[in-house]
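When reading the values below, keep in mind they use all heavy atoms of this one structure, side chains included, and skip hydrogens, waters and symmetry mates. Values in this document were obtained by computation on a predicted structure and should not be read as measured data.
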Amino acid sequence: MINRTTRSLLLDRATIFDGTGHSPLPGEHSIRVDDGVITWVGPSDHAPETHDVMDLRGMFVMPGLVNSHVHLANDASADLAGQVGEDSSVTGGLRAANNAMITLLSGVTTVKDCGAKDNIVIDVSRAIDSKLITGTRVFAAGRVITMTGGHGHFMGVEADGLSAVRAAVRGQLKEGASFIKAMATGGVLTSGVQPTQTALIGAELQVIVEEAHNAGRRVSTHAIGREGIKNAILAGVDTIEHGFHLDEELFELALERGTFLVPTLAAISGIVGRGPSGGTPGWIVDKARVEMERSRSMFRQAVESGINIAAGTDAGTPFNPHDGFVEELIEMVRIGLSPARALLSATRDGAINADAQASIGTIEAGKCADVIAVDGDPLIDITDLRRILVVVKDGEVHRDERSGRSSDDSRVLNDERVRA
């Protein structure tokens with residue numbers, strides 16, 4: 001880890017994908033950073049002078065990545081619920097801090113943490129913001145809101161009925177939640193419930209949305225089964241997490257309301273890929289297998305529908321590491337998303353989904369200096385994202401591997417390329 005702090009920095013002579021949706025600025029463009037904020041973007045020959053210059057000639061520079069669904073307090077072990085139950089709050093906090101660093105070094109400068117017991121990650125987020133520790137920027141939901149015995153109850157607030165869910169939301173807001181996470185259906189990782197099972201009902205979800213929006217917070221909803229997804233969209237939630245049983249009617253409804261989808265393809269593939277031999281309980285593997293193909297076919301439909309997509313992995317779930325975000329983007333492109341839209345889903349659209357577009361997600365003057373540099377062009381071949389060599393967050397250089405740069409593909413993790 002480099003972790004070089006400088007008051008003024010020029011990221012010089014690169015191709016810049018600024019995340020605004022415009023075409024990339026071709027090579028020989030530069031970014032000026034002062035006190036952690038982007039102050040100038042333009043042609044290199046007109047760049048303001050500064051003593052600290054990082055030569056990024058021939059590289060592809062873009063905003064820091066945004067992973068819209070993680071669980072920092074978990075580290076991809078075979079049994080998430082078991083780990084949550086065994087960990088003390090201190091152990092969970094240490095895991096979260098370590099995973100926040102791993103995440104940052106992988107090029108992900110911002111995450112939405114979608115649930116941890118005891119509001120562990122809210123505390124870790126505060127520690128990062130105060131520079132007590134170093135890690136990715138964290139927007140944390142705190143504890144999830146679920147029905148009694150519902151999905152994620154082991155790291156949640158169990159609430160039944162309108163008064164109870166209202167109190168649960170207000171409690172999480174009091175604790176400092178950046179957004180609210182609610183469970184509209186059952187899930188794969190909780191014993192005794194099925195992924196398509198309807199959980200919190202429409203009226204309960206409406207109260208959750210009302211309370212959160214009154215406080216200026218967004219609502220993300222775990223929703224796999226069709227009825228739960230529909231309840232959530234009609235209730236006015238901002239984001240559907242997973243959404244495996246979305247269909248044409250629900251895509252249209254989501255488009256009308258501006259609802260986001262975070263597809264989390266890695267959440268299923270890791271479990272199915274390793275199977276029971278990896279140590280995951282068989283009942284988890286069985287449920288994941290049932291949903292595997294549905295998750296892929298849904299995402300193909302999502303691409304065609306034009307629904308808002310923010311990329312997220314559900315990192316921390318079984319065999320789903322915190323440095324695996326790039327592989328999610330590659331899989332999204334493999335299924336049918338264009339490389340340009342994949343990059344936007346992981347930058348600008350991730351920032352919008354976190355309600356943080358005023359400060360992150362694009363390379364523009366006035367935004368936080370969250371920037372990564374890639375050896376290659378992921379708009380042509382998305383697998384070039386595996387060659388992130390430079391990571392800057394808030395103007396601090398946390399990773400710089402330019403000295404190891406070469407002209408061949410020896411550092412690509414596998415030979416399969418995914419081209420536009």
Side-chain angles (χ1 to χ4, degrees), residues 11-29 31 54-68 103 105-109 263-266 269-270 273 296 299-300 302-304 306 309-313 315 320-350 361-363 370-392 399-420:
L11 304 172
D12 201 28
R13 300 191 179 279
T15 294
I16 299 175
F17 174 90
D18 63 16
T20 65
H22 296 134
S23 298
L25 301 171
E28 303 295 314
H29 277 75
I31 303 165
M54 179 176 286
D55 188 348
L56 300 178
R57 201 179 312 261
M59 299 190 72
F60 184 97
V61 168
M62 60 181 288
L65 300 173
V66 180
N67 189 336
S68 291
T103 300
L105 295 180
S106 75
V108 175
T109 53
T264 65
L265 302 174
S269 60
R296 268 63 186 165
F299 188 67
R300 293 185 190 96
V303 171
E304 294 171 0
I309 296 173
T313 60
N320 190 355
H322 288 277
D323 58 0
F325 187 52
V326 165
E327 299 307 310
E328 177 84 4
L329 300 179
I330 292 170
E331 182 65 9
M332 289 164 69
V333 172
R334 186 176 286 118
I335 291 174
L337 199 65
S338 71
R341 195 172 170 206
L343 295 188
L344 290 174
S345 79
T347 54
R348 180 196 67 188
D349 296 340
T362 58
I363 294 176
D370 293 358
V371 179
I372 61 173
V374 179
D375 184 11
D377 187 344
L379 290 175
I380 296 174
D381 187 338
I382 193 67
T383 64
D384 284 347
L385 275 179
R386 291 173 174 147
R387 305 205 301 260
I388 296 171
L389 301 186
V390 175
V391 177
V392 178
R399 177 178 170 187
D400 184 359
E401 298 180 4
R402 288 171 297 155
S403 62
R405 190 179 179 197
S406 67
S407 59
D408 61 31
D409 287 332
S410 60
R411 283 162 291 124
V412 177
L413 298 182
N414 65 48
D415 292 331
E416 185 178 1
R417 313 293 279 171
V418 182
R419 299 182 180 274

Just to verify, what does [X] make a side chain to side chain donor-acceptor pair (under 3.5 Å) with, not counting sequence neighbours?
| X | result |
| --- | --- |
| S338 | none |
| N320 | T317 |
| T313 | N67 |
| T362 | E364, K367 |

Mind checking the [atom1]-[atom2] spacing from [X] to [Y]? Nearest 0.5 Å is all I need.
| X | Y | atom1 | atom2 | value |
| --- | --- | --- | --- | --- |
| L379 | D384 | CG | CG | 10.0 Å |
| F60 | L389 | CZ | CG | 13.5 Å |
| R341 | D349 | CZ | CG | 8.0 Å |
| D18 | T347 | CG | OG1 | 9.0 Å |
| F17 | D377 | CZ | CG | 10.0 Å |
| M62 | I372 | CE | CD1 | 4.5 Å |

Among all residues two or more places apart in sequence or in another chain, which pass the salt bridge (charged side-chain N to carboxylate O under 4.0 Å, His left out) test with R348?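 R348 satisfies salt bridge (charged side-chain N to carboxylate O under 4.0 Å, His left out) with no residue once adjacent residues are dropped.
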
D323: salt bridge (charged side-chain N to carboxylate O under 4.0 Å, His left out) partners, not counting sequence neighbours: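 D323 satisfies salt bridge (charged side-chain N to carboxylate O under 4.0 Å, His left out) with no residue once adjacent residues are dropped.
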
The criterion is side-chain contact (heavy atoms from CB on, under 4.5 Å); which residues satisfy it with [X], sequence neighbours excluded?
| X | value |
| --- | --- |
| A373 | L56, M59, V61, V390 |
| L25 | I16, H29, V41 |
| E304 | none |

Of all heavy-atom pairs between [X] and [Y], which one has the smallest distance, and what is that distance?
| X | Y | value |
| --- | --- | --- |
| I363 | P63 | CD1-N, 3.6 Å |
| R296 | S269 | NH2-CB, 3.4 Å |
| S68 | G350 | OG-CA, 3.9 Å |
| R399 | L105 | NH1-O, 2.6 Å |
| P339 | V333 | CA-CG2, 4.0 Å |

Taking the side chain as everything from C-beta on, heavy atoms only, tell me whether V374 gets closer than 4.5 Å to L385.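 Yes, close enough: below the 4.5 Å cut-off.
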
So do I309 and P263 actually touch side chain to side chain, heavy atoms under 4.5 Å?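 Yes. Closest side-chain heavy atoms under 4.5 Å.
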
L65 pairs by side-chain contact (heavy atoms from CB on, under 4.5 Å) with which of T109, I388, V391, D370?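 Exactly one pass, corresponding to I388.
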
Are any side-chain N or O atoms of T15 and backbone N or O atoms of G27, one a donor and one an acceptor, separated by less than 3.5 Å?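 Yes, T15 side chain to G27 backbone: donor-acceptor pair under 3.5 Å.
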
Do S345 and E328 pass the side-chain contact (heavy atoms from CB on, under 4.5 Å) test, and can you show the C-alpha distance, the side-chain angles, and the key distance before you say yes or no? CA-CA 11 Å; S345 79; E328 177 84 4; over 6 Å; no

